[in-house]
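See below for the structure under consideration.
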Amino acid sequence: MTDGTMLDQKNLEAAAGIAGTMTGDVLKMSVPRSDVKVTVDGFEIVPFMGLTTWAAFRKGTEQTTVMGDIVLMEDEVGVAVSAAIEGGFYVTALHNHFIRAQPEVLFMHIEATADEATLGQGVRKILDAVETIRQTRPVNPAIKEVPNQLDTRQLEDIIGAPGELKDGVFKFTLGRPEVPVRCSRCGGLEINSVMGYNTWAAFQGTEERAAVCGDFAMLELEVAPIIRELRAGGIEVVAVHIHMFFEEPRIIFLHYWGI
């Protein structure tokens, strides 16, 4: 739990060199990977479809905790992992979110508890390492928006929640407040939806041919039933893994892709 003390937003933003957005008492910084063009099965994956690097900060009783997800091309992985470790971060996962992506994309999850300056500077080191690679090896950038002819109202009726339309992608982000998760090594800090403990689904395309990708946040006993339902619906399961360390209860994340 938090002690009621808010983050020093200006200090964190100055250390990381990124403007963030406060949601409650969590500061989230987002860096869309619009510098890289990625396609999967003929669909171009713009940042809002799942190619956005982010870091979320929340203050605990003594120190601040950051959790985040860094989008990486294959040639960026080595320097990013090294920068994370040198910055005092745990690398809690390194995995795919897609299959058949061109070029291949990996995702590095990070976690740390320390003072705000250390965390902000650590995030900056990782981003600088990635930027250095791309400056020396430039690639084609992503398009700014994909065509969208989806019936978004119908999707909201099916999901039973409101979605957000951005850059041609319609996305749902759902927290799990009925299953609170706390970080035992972070002084019992609650890890909420803004810090990455959520289920999401992103859609693009037309009513006749649409693509969906996303991530389920699950308790261990929920993994098999969810996989069973996805496969029954013709959805590919592309990754099953963890994102966090020291969380109670253990949360498993599952990424999927379907057309």
Do you know which two heavy atoms are closest between Gly87 and Thr118, and how far apart they sit? O-CG2, 4.3 Å

Between Arg137 and Met73, does a side chain to side chain contact (heavy atoms under 4.5 Å, CB included) hold up when you go through it step by step? CA-CA 11 Å; Arg137 305 169 190 168; Met73 302 296 107; over 6 Å; no

With the side chain counted from C-beta on, respond yes when Val36 and Pro141 share a heavy-atom pair under 4.5 Å apart, and no when they do not. no

Is there a side-chain contact between Ile18 and Leu127 in this structure, where contact means two heavy atoms from C-beta onward sitting under 4.5 Å apart? yes

For residues 156-174, pull every pair meeting salt bridge (charged side-chain N to carboxylate O under 4.0 Å, His left out), keeping only residues two or more places apart or in separate chains. none

Set of side chain to side chain donor-acceptor pair (under 3.5 Å) partners for Glu13, sequence neighbours left out: Gln9

Who pairs with Glu178 by side chain to side chain donor-acceptor pair (under 3.5 Å), at least two apart in sequence or on another chain? Arg176

Under 4.5 Å between any side-chain heavy atoms of Asn192 and Arg58, yes or no? yes

Straight-line distance of Leu174 CG to Asn198 CG, nearest 0.5 Å: 8.0 Å

Apply salt bridge (Lys or Arg N to Asp or Glu O under 4.0 Å) to Arg153 and list each qualifying residue two or more places apart in sequence or on a separate chain. none

Answer with yes or no whether the hydrophobic clustering places Val40 together with Leu254; edges join I, L, V, M, F, W, Y residues whose side-chain heavy atoms lie under 4.5 Å apart. no

Could you check whether any side-chain heavy atom of Cys213 comes within less than 4.5 Å of a side-chain heavy atom of Met49, counting everything from C-beta outward? yes

Does the side chain to side chain contact (heavy atoms under 4.5 Å, CB included) test come out yes or no for Gln204 and Ile45, once each step is laid out? CA-CA 9 Å; Gln204 65 165 286; Ile45 310 300; 4.2 Å; yes

Using every non-hydrogen atom in the two residues, find where Cys186 and Glu111 come nearest and quote the distance to one decimal. SG-OE2, 4.4 Å

Rounded to the nearest 0.5 Å, what separation is found between the CE atom of Met6 and the CG atom of Asp8? 10.5 Å

Taking a hydrophobic cluster as the set of Ile, Leu, Val, Met, Phe, Trp and Tyr residues connected by side-chain heavy atoms closer than 4.5 Å, whether directly or through intermediates, do Val139 and Val79 fall within one such cluster? no

Quick one: OG1 on Thr64 to CG on Asp115, what's the gap to the nearest 0.5 Å? 8.0 Å

Are the side chain of Thr39 and the backbone N or O of Gly42 linked by a donor-acceptor pair below 3.5 Å? no

Do Met29 and Leu7 share a hydrophobic cluster, counting only Ile, Leu, Val, Met, Phe, Trp and Tyr and linking them when any side-chain heavy atoms are less than 4.5 Å apart? yes

Excluding sequence neighbours, so at least two apart, what forms side-chain contact (heavy atoms from CB on, under 4.5 Å) with Ala112? Val66, Phe89, Leu119

With sequence neighbours excluded, what pairs up with Tyr197 under the ring-ring contact (aromatic ring centres under 6.0 Å, His included) test? none

Check step by step if side chain to side chain contact (heavy atoms under 4.5 Å, CB included) holds for Val77 and Met108. CA-CA 8 Å; Val77 171; Met108 181 181 77; over 6 Å; no

When you measure from the side chain of Thr21 to the backbone of Lys28, do you find a donor-acceptor pair of N or O atoms at a distance under 3.5 Å? no

Among Trp200, Phe98, Phe216, exactly one meets ring-ring contact (aromatic ring centres under 6.0 Å, His included) together with Tyr256. Which residue is that? Phe216

Quick one: does Val105's side chain get under 4.5 Å of Asn96's, heavy atoms only? no

Under the side chain to side chain contact (heavy atoms under 4.5 Å, CB included) rule, what do Val91 and Ile85 come out as? Steps first, then yes or no, please. CA-CA 7 Å; Val91 175; Ile85 296 302; 4.0 Å; yes

For Glu220, which residues count as a side chain to side chain donor-acceptor pair (under 3.5 Å) partner, sequence neighbours excluded? none

Do Lys59 and Leu189 make a side-chain contact, defined as non-hydrogen atoms from C-beta onward lying under 4.5 Å apart? no

With sequence neighbours excluded, tell me which residues meet salt bridge (Lys or Arg N to Asp or Glu O under 4.0 Å) with Asp128. Arg124

CE of Met244 to CD1 of Ile252, rounded to nearest 0.5 Å, is 9.0 Å

Write down the atom of Val71, the atom of Thr53, and the distance for their closest heavy-atom approach. N-OG1, 2.9 Å

Can you confirm whether Leu221 is buried at CG, in the sense that more than 12 heavy atoms of other residues, nucleotides or ligands lie under 6.0 Å from that atom? no

Could you state the interatomic distance from OG1 (Thr65) to CD1 (Ile191), rounded to the nearest 0.5 Å? 6.0 Å

Consider only side-chain heavy atoms of I, L, V, M, F, W and Y, link residues closer than 4.5 Å, and tell whether Ile143 and Leu51 are in one cluster. yes

Measure the shortest side-chain to side-chain distance between Val38 and Pro103 over non-hydrogen atoms and say whether it is less than 4.5 angstrom. yes

Which residues pass the side chain to side chain donor-acceptor pair (under 3.5 Å) test with Glu247, sequence neighbours left out? Arg250

Does Ser184 use its side chain to pair, donor to acceptor, with the backbone of Phe246 at less than 3.5 Å? yes

Tell me, which pairs form a salt bridge (charged side-chain N to carboxylate O under 4.0 Å, His left out) where one or both residues lie in residues 33-49, sequence neighbours left out? Arg33-Asp35, Arg33-Glu76, Asp41-Arg100

Tell me the ring-ring contact (aromatic ring centres under 6.0 Å, His included) pairs involving residues 30-75, sequence neighbours left out? none

Can you tell me which residue pairs pass the ring-ring contact (aromatic ring centres under 6.0 Å, His included) test with a partner in residues 99-118, sequence neighbours excluded? His95-His109, His97-Phe107, His109-His243

Do you reckon Ile159 sits in the same ILVMFWY cluster as Leu230, going by side-chain contacts under 4.5 Å, direct or chained? yes

Closest heavy-atom contact between Ile235 and Gly258? CD1-CA, 4.0 Å

As an exercise, state the distance from CD1 of Ile126 to CD of Glu131, rounded to the nearest 0.5 Å. 14.0 Å

With a 4.5 Å cut-off on side-chain heavy atoms, are Arg231 and Arg228 touching? no

Which pair of non-hydrogen atoms, one from Ser34 and one from Pro47, has the smallest distance, and what is that distance? N-CG, 3.9 Å

Indicate the atoms forming the closest heavy-atom contact of Ala117 with Ala15, along with that distance. O-CB, 4.0 Å

